Each structure stands twice: as structure tokens, then as C-alpha cells.
Amino acid sequence: MTEYNSLEKIRLQKLEELRAEGVEPYPTRAKRTHTSKQAIAEFELAEKDATPEVQATLAGRIRSMRTGGKVSFAHIEDGAGKIQLFLRINELNEKLSFFNKLFDLGDFIEASGVMFRTKSGEATLHVYDFKLLAKSVTPLPADKDVTLDDGTVVRHASLDNPELRARQRYADLAVNPEVRETFRKRAKLVQALRAFLDNHDFLEVETPILQPLYGGAAARPFTTHHNELDQDMYLRISFELYLKRLLVGNLERVYEIGRDFRNEGVSFKHNPEFTQLEFYWAYADYLQVMELTEQMVAYAAEQVTGSTQVTFGEHQIEFKPPWRRLEMRQGILEASGIDIAEQTTAEALFKAIKAKHPNKTPDPAATRGKMIDFLLGEFLEPTLIQPTFLYNYPRDISPLAKSIPGDALTVERFEGYIAGFELCNAFTELNDPLDQEQRFIEMGRDYTNDDEEKHPLDEDYLRAMRYGMPPNGGFGMGVDRLAMILLNKHSIREVLLFPALRKEE
RNA sequence: GGCUCCGUAGCUCAACGGCAGAGCAGUUGACUCUUAAUCAAUUGGUUACAGGUUCAAAUCCUGUCGGAGUCACCA
């Protein structure tokens, strides 16, 4: 049974009074002829005539009320904006006090009347009749600023608590217009990415989220169970292996935008489910993917913000191609003073790091690739503020990427870095089934200490590859992270409508 | 998971061993052009939860729950 607080009890009482007056507080249908924006625009146009006559029926939520005995004002807010209502006893008679007494902030109403301009100059609907559309029982968080006696203005942010804002995103959206704007822009971002790929002849596809075997990344999966099949299933950790199966099927350019699930830590840049974009491009290599990537992201930035240059915290980020290209060996050499090409084994590399940076050493049991990744994260990554393609990665941490001809330790892979963190990951895809099988086996050996993290060997994927897979370039990007950068939000929770939270109570 | 900080009225916050407060919101009344309306009066609390120390606990201690930050983890 719901327990109501004192404010809610008062509103429930009003709800009963409304019913007693014969007013249905939740009528089935609403009517409107104009949005707030349309009504104002139409009125401003009509004002050029001597006698503007714009009749309108508006619908929206009451956001402020200034009630009086014989005249009241209110603002309602709809999807397009806010508009003021003017209610006068002359037209409404006893309905005015009915409005003053029984209507509350947060109620949805429908109001009909004629547009006019108040003495203070605001385009306003002179209300001839109104109707309740939905009673609000729980008050929305108050939003108002107050000037104190000493003259200082205290802004009472309507809803500021990050936990409440995330848990009750509906209330956050209802009272914080800038939050609505953030999510409109996020939608625009996804639209722009989709439009860009569509225009480049990529086919949008949907592959299984619920999979008998997970793969395509090194991450712990969520596990579930299908009752009728009596079989464990996994929520996907990447789209990669399914999308590449489609290349075997002669679909030359495919992409998917959807949700990945990784059963790992939560942080300002990690949510257990996140939106991923992956595409695979037959007959292309990672250099061509690089070019397409910088074009795509620049296009998206422009569509979302109107410019290829955006502000992220203290940084001005310029997305206009071409982006900086930095070979990983060179980047790590400059950032840490260690040349990974000279250290061809894990043992040698560990010694070199320990000699140079005794306070910053990786796990001595790590593979060479993991140590290189450590150097990258520790020394190089924080310095990559402007969009940068870091390319040529160690083979042993890239089991799905193709080796550089003549270099057994390195693969054709790049990651895009912006504002000091990883945005995307791409490579010339491995299409040799025998090499791929070998890599799976190697991964299994490297990860034996941690069962959940090892790359499971996907027999069906190898079978698909044996039919023949065209050479291709593949790409993956965290859409939430791009949204963070474009919208200048420093936590992934700010760009997710409903971020993962522990359950209440 | 480790460490640090936080949880007080519907919302935003004070009080930091000595009577639990303010602004907004709410309630009652006044006001026929208000607009972050104004004026007068007024309601609202198991201080997240459980235990302990103390003459006295929102305040100090322990535990639990939830959150934030950070580290670890995360190609």
C-alpha cells in the first residue's frame, strides 16, 4: 500500500473534491489546436494587423501560478515551451476560484481562449474555458530562486541530487529543461551516425543479443538461462563475430547500433549496458576505416552541436579531419621513454619499465601485450586530448586483428582517443580461419587464470570463416562516450536516461 | 571489492555534544495585468536504518542500506 506524505494527502483530498464537483481528474481524451510555440508565433504574425484574433486551445503542465481573487496568471509548459495563461472572473465566474483552490503545480490542463499581449508585454492566452487533463498527486520538486535580505540570490536548483535525478529521471526531465535538451541531442547523434552510414551504403542489421556463446571482446558476460531449451545463454559483449558472419554471407557493408552488456565495474565512463556502434566493410583496411571514422564523427559533431569544434571541460576539441595519427611504438617511446620494438618479450619489457619507472610497473606476470597496454594507459592516454588515431597494436591483445605483413608481433589496429580516453577501436579484420583458430587457442592459454575472461572458442564462427571471408576493416565505438564529449558531460550517467543503480531498499 | 566523503521537511540547504531551523513548495486569508508576484498568518521531522557511548546524540563510536568521488578491474 502506498504511503502518502502530507502534501500528497492534500492533493488526494482535492482529487476527491473534484470528483464531488463532477470533474473527472483523469479524462480519456484531450484536445489542442496549437502548441505554445505555434500559438505565440501565430499571434506575433497576426499582431501586424490592427485587430489580431488568434483563438487557441492549448494543453500542458502547470509550472507556475499567481492567483488572485478576481484575476489569476499561470504558466503552462508543453513539449515546445512555456506560455502564460490569463484567467479573469469576468469570463470564468466561479470557475476561477475552482482553479485557484483545486489546481496545483504539475497538473496537466487544457485551456481555450484568445491570444493577447499583457501590459508587461508577454504574449498570453486569455482563457475563456479550461479543463483538467490529469491531476498531479506528488508535487514536482519546487524550483524557484530567492533574493535574501542581504541581496544575495540563492538558486534553489529544482532537483539537484544526482541519485534522485537518475532514479527519478521522469521528475528530472519534468523540471529541468536542459536535461530534456541533452537527450534530444543524444537522439540527434544516433540519427546522424545512422544517416552517415546509410549514405555510405552500409546496411543496418540486428544480430542476437541473447547468445549461446559470447565473444568479440575480453569482458565478463551476464549469464542467463533459457528454461525450455534448458540452456545457459549470455547477453552479448560485442557484435563483432555475428557481423563478420554476415560478410561471409556476401553482405559487403553492415552496421549495428545497439546495446552491449559487460558484467564489470561501474564508473563515470562505464555502465553495465551501453550503446555500441560497429561496422564491417569488405575490401577495406584499417587505414580506410580511419578516414571514414574521422569523417563520420566530424559529421555527427556538426549535426549535434552545429560545429566541428566543441568544448569539453577545459578543452576545445576540433573534430575536423584529418585527425592526428600516431604510431603506438612512437607514442609510447615519447611518453615513457621505452621502445617496445626493442623489447620483444614480456620479461625484457618488464625489466625495461622497471629500470625507467621503478614506481610504475605492471603486473610482472602479464603478457607483453598487457604490459604495452599498461604503458599506454599510464603514460600516453592522458596526453591524447585532441582526436588522435593510435595505430599498430601488439598482436597478443588483439586476437581478431590481422598481422602487419612481415611483423609477427604487431597487428593492423587503431584506437581513437579524445580528451584522454578511448572512443573507438578498429582493425583490419583477421579473415584467415586457420590463424583465427590458433589465436583463440592462444587466448585460452593466456587467460587460464581467469576463466570468465578468456576468449571462448567459437566453432561456428570458425566454420563461417572457412567458407571464405573477404578482407575487411571493422570498427567499434562507444556511442555514450561520444555523447559525453559532444554534450560536455563528464559522467556517463548524464547521457543515459536510466543508468544502472542499485535497487532501492 | 579497497579508501575518502555524504544521507536532516516535498525540493535545496543550515545547525556539528545542549530546545531541529531557513528559503522555496504547501495551507488559510487579501489583491482585476501578475510573471522566479506581493502582503498577513500558518502547517510540516522516527535527522537513512539498527545498536552503543553520554546527564544529554542529527552531531561521537560500530554495523547495515543507499549515493558521490577515487583506486582496482575494464583491449
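Being a predicted model, the structure only gives us computed values, none of them experimental. Below, read A as the first sequence line, B as the second, and so on, with proteins coming before strands; counting in each chain starts at 1.
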Indicate, with a heavy-atom threshold strictly under 4.0 Å, whether [X] touches base, sugar-phosphate, or nothing.
X        : result
A/Ser72  : nothing
A/Glu8   : nothing
A/Arg493 : sugar-phosphate
A/Arg262 : nothing
A/Leu376 : nothing
A/Ile10  : sugar-phosphate
A/Lys269 : nothing
A/Phe116 : base

Between B/rU42 and B/rG23, how far apart are the two P atoms, rounded to whole Å? 12 Å

Can you check whether A/Lys370 has a side-chain N or O nearer than 4.0 Å to OP1 or OP2 of B/rC74? yes

Check the phosphate of B/rC33 against A/Arg88, side-chain N and O only, distance under 4.0 Å to OP1 or OP2. Yes or no? no

Counting heavy atoms from C-beta on, name the nucleotide in [options] closest to the side chain of [X].
X        : options                : result
A/Phe268 : B/rA68, B/rG66, B/rU70 : B/rU70
A/Lys70  : B/rC74, B/rU32, B/rC33 : B/rU32
A/Lys101 : B/rG66, B/rU34, B/rG29 : B/rG29
A/Lys14  : B/rU27, B/rG67, B/rC74 : B/rU27

Decide whether a cation-pi geometry holds between A/Lys360 and A/Phe379; the criteria are a distance under 6.0 Å from NZ or CZ to the six-membered ring centre and an angle within 45° of the ring axis. yes

Between the base of B/rU34 and the side chain of A/Gln84, is there any donor-acceptor pair under 3.5 Å? yes

RNA chain B: stems of at least 3 consecutive Watson-Crick or G-U pairs, cut-off 3.5 Å? B:1-7 with B:65-71, B:10-13 with B:21-24, B:26-30 with B:38-42, B:48-52 with B:60-64

Partners passing side chain to side chain contact (heavy atoms under 4.5 Å, CB included) against A/Thr138 (at least two apart in sequence or in another chain): A/Glu8

All side chain to side chain contact (heavy atoms under 4.5 Å, CB included) counterparts of A/Tyr170, not counting sequence neighbours: A/Gln168

